[in-house]
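Presented below is the structure to which this report refers.
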There are 2 protein chains.
Amino acid sequence: MPNKKDQQEPVCAVYCVHDQIVKEAKEQMLIPVQAIRLAETFKILGDPNRVQLINILAGREICVCDIAVILGMSTSAVSHQLRLLRNLKLVKYRKEGKMVYYTLDDHHIVNLFEEGLEHIKHT
Amino acid sequence: MPNKKDQQEPVCAVYCVHDQIVKEAKEQMLIPVQAIRLAETFKILGDPNRVQLINILAGREICVCDIAVILGMSTSAVSHQLRLLRNLKLVKYRKEGKMVYYTLDDHHIVNLFEEGLEHIKHT
DNA sequence: CTAACAACTGAACATATATTCATATATTCA
DNA sequence: TGAATATATGAATATATGTTCAGTTGTTAG
């Protein structure tokens with residue numbers, strides 16, 4: 001533990017700070033917009049219903065009504081969840097008459113999902 | 001679109017259901033405990049401060065006080081966040097005197113983090 | 001045109017999560 | 001032992017999130 005004279009801010013009340021480590025870690029920090037976008041992406045996956053929803057979409061194109069039946073949710077609730085996923089560009093959709101068919105927008109999201117699944121299976 | 005007679009539940013008010021797709025998707029659903037654990041793992045990564053925290057821990061072992069300085073948070077707030085990560089076995093710690101040094105528990109979490117980072121960089 | 005229906009949306013409520021503050025625990029050193 | 005300090009925790013408040021309900025939009029069929 002460095003003493004007072006090693007500190008960059010010797011008046012600071014916190015004396016346990018390791019200046020070199022703090023300096024390096026600060027330089028390697030993500031820029032705020034990256035941290036926020038990454039967190040948003042993870043957060044949207046942080047709900048059991050949406051995890052099941054992504055899992056369904058990973059296998060097939062499917063309409064809102066079918067999703068509602070599978071998840072045992074109202075179509076309204078499903079639609080709200082799909083809007084969240086749409087806003088983050090995680091899903092895309094195709095209109096066919098009255099129906100709207102959803103798919104995953106991007107293969108990265110499948111990779112991320114699979115990686116997470118492997119993680120919890122090995123713990 | 002199947003007609004009424006194709007339905008497993010012909011009295012159901014929803015006629016747009018694709019029985020075969022619903023059946024297949026239901027069979028491929030995650031078991032609830034898996035969906036919940038996976039969602040918990042993603043959710044814990046779904047916060048910009050924790051994203052930065054994981055990023056810091058991905059590079060080095062570091063004490064609570066240094067993390068607080070780097071993130072500009074109180075040590076109390078950092079400690080609460082670390083407890084969340086500990087509860088999900090995402091980080092582990094080592095005591096040395098008064099200090100507690102944290103590291104990531106598991107290389108899977110680094111993979112997951114890196115995969116997410118790649119995802120947002122390519123969008 | 002109207003009726004029926006799939007999906008979407010805004011707003012209100014209920015629940016969950018995060019932050020803060022005060023205090024507790026554990027360790028070191030005098 | 002007692003003072004200082006690094007971290008952890010419980011509880012209360014503030015904030016965010018999810019669900020439901022009511023109503024809207026857009027499409028098809030008659």
Side-chain angles (χ1 to χ4, degrees), chain A residues 1-4 7 12-18 21-22 36 39-40 42-53 61-88 91-102, chain B residues 1-4 7 12-18 21-22 35-36 39-53 61-88 91-102:
Chain A
M1 182 164 67
N3 66 34
K4 251 184 162 177
Q7 301 290 314
C12 177
V14 180
Y15 297 135
C16 76
V17 175
H18 304 77
I21 286 172
V22 168
I36 291 166
E40 282 174 346
F42 282 128
K43 179 182 275 181
I44 222 63
L45 296 170
D47 173 88
N49 280 331
R50 285 195 293 271
V51 161
Q52 295 283 16
L53 182 41
E61 182 185 69
I62 192 163
C63 71
V64 178
C65 177
D66 286 352
I67 296 169
V69 172
I70 294 162
L71 296 181
M73 298 168 70
S74 68
T75 57
S76 173
V78 171
S79 192
H80 277 290
Q81 300 289 17
L82 284 168
R83 176 162 53 168
L84 298 175
L85 298 175
R86 256 186 289 136
N87 289 346
L88 283 179
V91 302
K92 59 177 187 247
Y93 62 93
R94 175 177 72 83
K95 287 193 177 185
E96 191 178 308
K98 282 182 280 193
M99 318 286 276
V100 179
Y101 293 90
Y102 280 84
Chain B
M1 183 163 66
N3 66 35
K4 252 184 167 179
Q7 300 292 312
C12 177
V14 178
Y15 297 135
C16 77
V17 176
H18 304 77
I21 286 172
V22 169
I36 291 166
E40 282 174 347
T41 302
F42 282 128
K43 178 182 276 182
I44 223 63
L45 296 170
D47 173 88
N49 280 331
R50 284 195 293 270
V51 162
Q52 295 283 15
L53 182 40
E61 182 184 68
I62 191 163
C63 70
V64 178
C65 177
D66 286 352
I67 296 169
V69 172
I70 294 163
L71 297 180
M73 299 167 69
S74 67
T75 57
S76 172
V78 171
S79 191
H80 277 291
Q81 301 287 21
L82 286 168
R83 174 163 55 169
L84 298 175
L85 297 174
R86 255 186 290 136
N87 289 345
L88 284 178
V91 301
K92 60 177 187 248
Y93 62 92
R94 177 176 72 82
K95 287 194 175 185
E96 192 179 306
K98 283 181 281 193
M99 318 286 277
V100 180
Y101 292 91
Y102 279 85

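Just so we're on the same page: letters track the sequence lines, and every chain starts at 1. Treat the numbers as computed from the prediction; the structure is a model and nothing was measured.
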**Asked** When you check the phosphate oxygens OP1 and OP2 of dG10(C), does a side-chain N or O of Arg83(A) lie under 4.0 Å from one of them?
**Response** yes
**Message:** Categorize Tyr102(A) for me: base, sugar-phosphate, or nothing, with a 4.0 angstrom heavy-atom threshold over every strand shown.
**Reply:** sugar-phosphate
**Request:** Compare all side-chain heavy atoms of Glu40(B) with those of Ile44(B) and state whether any distance is below 4.5 angstrom.
**Result:** no
**Request:** Verify the contact: side-chain N or O of Asn49(B) to OP1 or OP2 of dA18(C), cut-off strictly under 4.0 Å; return yes or no.
**Result:** no
**Fill in**
Rounded to whole Å, the CG-P distance (Asn87(A) to dG10(C)) equals 11 Å
**Message:** Rounding to an integer number of Å, can you tell me how far Asp47(A) CG sits from dT15(C) P?
**Reply:** 16 Å
**Asked** Can you tell me how far the CG atom of Asp66(B) sits from the OH atom of Tyr101(B), to the nearest 0.5 Å?
**Response** 7.5 Å
**Asked** When the distance from CZ of Arg94(B) to P of dA26(C) is rounded to whole Å, what number comes out?
**Response** 20 Å
**Request:** Mind calculating the distance between CZ (Phe42(B)) and C1' (dT17(D)) to the nearest angstrom?
**Result:** 19 Å
**Message:** I want to check one thing: is the phosphate of dT9(D), taken as OP1 and OP2, less than 4.0 Å away from some side-chain N or O of Arg86(B)?
**Reply:** yes
**Rounded distance in Å - CD1 (Ile36(A)) to C1' (dA16(D))** = 16 Å
**Item:** Between C1' of dT17(D) and CD1 of Ile44(B), the distance in whole Å
**Value:** 15 Å
**Item:** Stacked pair His80(B)-dT19(C), distance under 5.5 Å, angle under 30°
**Value:** no
**Request:** Looking only at non-hydrogen atoms, find the nearest pair between Ala39(A) and Pro48(B) and report the distance.
**Result:** CB-N, 3.4 Å
**Message:** To check you understand the geometry: which heavy-atom pair defines the closest contact between Met99(B) and Cys16(A), and what is its length?
**Reply:** CE-CB, 3.8 Å
**Message:** With a 4.0 Å limit, can you tell me whether Gln81(B) has a side-chain N or O closer than that to the phosphate oxygens OP1/OP2 of dT19(C)?
**Reply:** yes
**Prompt:** Paired stems touching DNA chain C, three or more consecutive Watson-Crick or G-U pairs with both distances under 3.5 Å?
**Reply:** C:1-30 with D:1-30
**Request:** Treat primed atoms plus P, OP1 and OP2 as sugar-phosphate and everything else as base, then score nucleotides 25-30 of chain D 5' to 3': B for base contact with protein heavy atoms under 4.0 Å, S for sugar-phosphate contact only, - for none.
**Result:** -BBS--
**Gap between atom CG of Leu45(A) and atom CG of Leu85(A) - 0.5 Å precision** = 8.0 Å
**Request:** Any chance you could lay out the side chain to side chain contact (heavy atoms under 4.5 Å, CB included) test for Leu82(B) and Val100(B), step after step, and finish with the verdict?
**Result:** CA-CA 11 Å; Leu82(B) 286 168; Val100(B) 180; over 6 Å; no
**Request:** Could you state the atom-to-atom distance from CE of Met99(B) to C1' of dT25(C) in whole Å?
**Result:** 17 Å
**Request:** Go through the N and O atoms of the side chain of Ser76(B) and the base of dC21(C), and report whether any donor-acceptor pair is under 3.5 Å.
**Result:** yes
**Any side-chain heavy-atom pair of Val78(B) and Gln81(B) under 4.5 Å** = no
**Request:** Step by step, work out the side chain to side chain contact (heavy atoms under 4.5 Å, CB included) result for Val91(A) and Leu53(A).
**Result:** CA-CA 11 Å; Val91(A) 302; Leu53(A) 182 41; over 6 Å; no
**Prompt:** Would you say Tyr93(B) has more than 12 foreign heavy atoms packed within less than 6.0 Å of its OH?
**Reply:** no
**Item:** Residue whose closest nucleotide on DNA chain D lies nearer the 5' end, Ser74(A) versus Thr75(B)
**Value:** Thr75(B)
**Request:** Measure the distance from NZ on Lys43(B) to P on dT15(C) and round it to the nearest whole Å.
**Result:** 15 Å
**Prompt:** OP1 or OP2 of dG18(D) less than 4.0 angstrom from a side-chain nitrogen or oxygen of Arg50(A), does that happen here?
**Reply:** yes
**Asked** Given side chains that start at C-beta, do those of Ile62(B) and Ile70(B) come closer than 4.5 Å, heavy atoms only?
**Response** yes
**Request:** When you get a sec, tell me which of dT20(D), dC8(C), dA6(C) is the closest nucleotide to the side chain of Ala77(A)?
**Result:** dT20(D)
